[in-house]
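Here is the structure we will look at, set down as structure tokens.
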2 protein chains.
Amino acid sequence: MSVDSDDCLHKSRQMPRLTRQQRTVLEVLQQLAQPISAQSLYKTLRQDHRSIGLATVYRSLEVLKLQGLVQSRINRQGESLYSLVQQDQHYLTCLKCGQSTPLDSCPVKHLERQLQQSASFTIYYHSLEFFGLCQPCALLD
Amino acid sequence: MSVDSDDCLHKSRQMPRLTRQQRTVLEVLQQLAQPISAQSLYKTLRQDHRSIGLATVYRSLEVLKLQGLVQSRINRQGESLYSLVQQDQHYLTCLKCGQSTPLDSCPVKHLERQLQQSASFTIYYHSLEFFGLCQPCALLD
DNA sequence: TATTGACTGATAATGATTATCATTATATCT
DNA sequence: AGATATAATGATAATCATTATCAGTCAATA
Ligand SMILES: [Mn+2]
Ligand SMILES: [Mn+2]
Ligand SMILES: [Zn+2]
Ligand SMILES: [Zn+2]
């Protein structure tokens, strides 16, 4: 009889329960539909009067990634954007103007499952992005 | 009758011929089998006594990307690595130890051609990478 | 050859991320 | 519970790849 039902969600080993700050960071990501940078997340929390240290924001995101809960991609300006792993979004990005258009579905879901089995590697998420020129930029030549 | 055979390689418009520095950067990438950072490329050229300014290295790489000749990906430390677009390499990367294992072939070549036609977007290259835990790191739990 | 605009390189500025370290919270004992 | 060891936090400083600046140089064209 489980007294603490939350335990069911975790592996048998001494998987450390998430700290208050780590849960806060996770909640922000859950409420957001879009990837967000660590800096923005930090500022968002300050405005909400739920401030946590900037270093802790970075550390929490790292922990959550290692748990397989959070993923990151790096935008044009070299800034990391974080989101839940279940957000599985991919983009066409223009090298000239930087505009990103999302694809309407993930083309490699199946491939990931396939790889998962062949390789001795636990896959948490993937990144896939196409780069080139959008129509307007291509016309300028 | 073409007097200058090199012209055949370029589009009709006034595609500016590459400058000496831009050609130097391109040559380094051609001789290398591995992606290289702008900083390393800069140092390599210094040792070769073919020095060009660091800013020019960055600018040249940008020009070459816009020409569809060069691609970049961002490594674990947030540093951009550059290579020729024809190098079509993808990795499994461990979130804990950072070790990257290359895949032995590109799983999305066909997909790229398919997208190219449907979308009004000129695709130069793509990035695809899988993240998770390698066996040793997964065992440590 | 003079004019014009693009390219270069030295250097300074930027800004996201990481390192440091004293403090605080949490877990593990007796 | 109280004592002790261990991990997490937050303020701040340090790092370092990249970008901005700007004066000087090169290259094309008339
Ligand atoms: Mn996907
Ligand atoms: Mn590929
Ligand atoms: Zn564009
Ligand atoms: Zn590993």
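Order of the sequence lines sets the chain letters (A, B, ...), proteins ahead of strands, with each chain counted from 1.
Taking atom CZ on B:R17 and atom P on D:dT29, their separation rounds to 13 Å, with Å as the unit. What separates CZ of B:R23 from P of D:dA27 is a distance of 10 Å, to the nearest Å. Counting to the nearest Å, the C1' atom of D:dT18 and the CG atom of B:N75 are 14 Å from each other. Atoms CG (A:L45) and C1' (D:dT9) sit 14 Å apart, rounded to a whole Å. Put simply, CG on B:L54 is 8 Å from C1' on D:dT18, counting in whole angstrom units. Between the C1' atom of D:dT18 and the CG atom of B:L81 lies a distance of 14 Å, rounded to the nearest Å. For the pair A:L18 CG and D:dT9 P, the computed distance is 10 Å after rounding to whole Å. C:dA16 atom P lies 7 Å from atom OH of A:Y58, rounded to whole Å.
A:F131 contributes atom CZ, which lies 7.0 Å from atom NZ of B:K65 (distance to the nearest 0.5 angstrom). To the nearest 0.5 angstrom, A:F121 atom CZ is 10.5 Å from B:F130 atom CZ.
A:S100 and A:T93 share a donor-acceptor pair across their side chains, judged by distance under 3.5 Å alone. In summary, the side chains of B:H126 and A:H90 do not present any donor paired with an acceptor at a separation below 3.5 Å, with no hydrogens or angles considered.
A rotation axis mapping the C1' atoms of four pairs onto the next four is fitted at both ends of the helix from C:dT1-D:dA30 to C:dT30-D:dA1 over five pairs, and the angle between these axes is 30° to 10 degrees.
Between A:R73 and B:E129 there is no salt bridge, since no side-chain N of the basic residue sits under 4.0 Å from a carboxylate O of the acidic one.
Nearer to the 5' terminus of DNA chain C, by closest-nucleotide assignment, is the contact made by B:T19 (compared with the other of B:T19 and A:Y82). Two residues, A:K43 and A:R59, neighbour DNA chain C, and the one matched to the more 5' nucleotide by heavy-atom proximity is A:K43.
Residue-level contact check: A:S37 touches neither bases nor backbone, having no heavy atom under 4.0 Å from any strand.
Taking side-chain N and O atoms only, B:Q21 has a distance below 4.0 Å to OP1 or OP2 of C:dG9.
Side-chain proximity of B:T56 to the nucleotides C:dA16, D:dT9, C:dT8 is greatest for C:dT8. Distances were taken from every side-chain heavy atom of B:A55 (C-beta onward) to each of D:dT9, C:dT17, C:dT11; the shortest belongs to C:dT11.
Contact between B:L133 and A:Y124 at its shortest, heavy atoms only, is CD1-OH, 3.3 Å.
A side-chain donor-acceptor contact under 3.5 Å links A:T24 to the backbone of A:R20.
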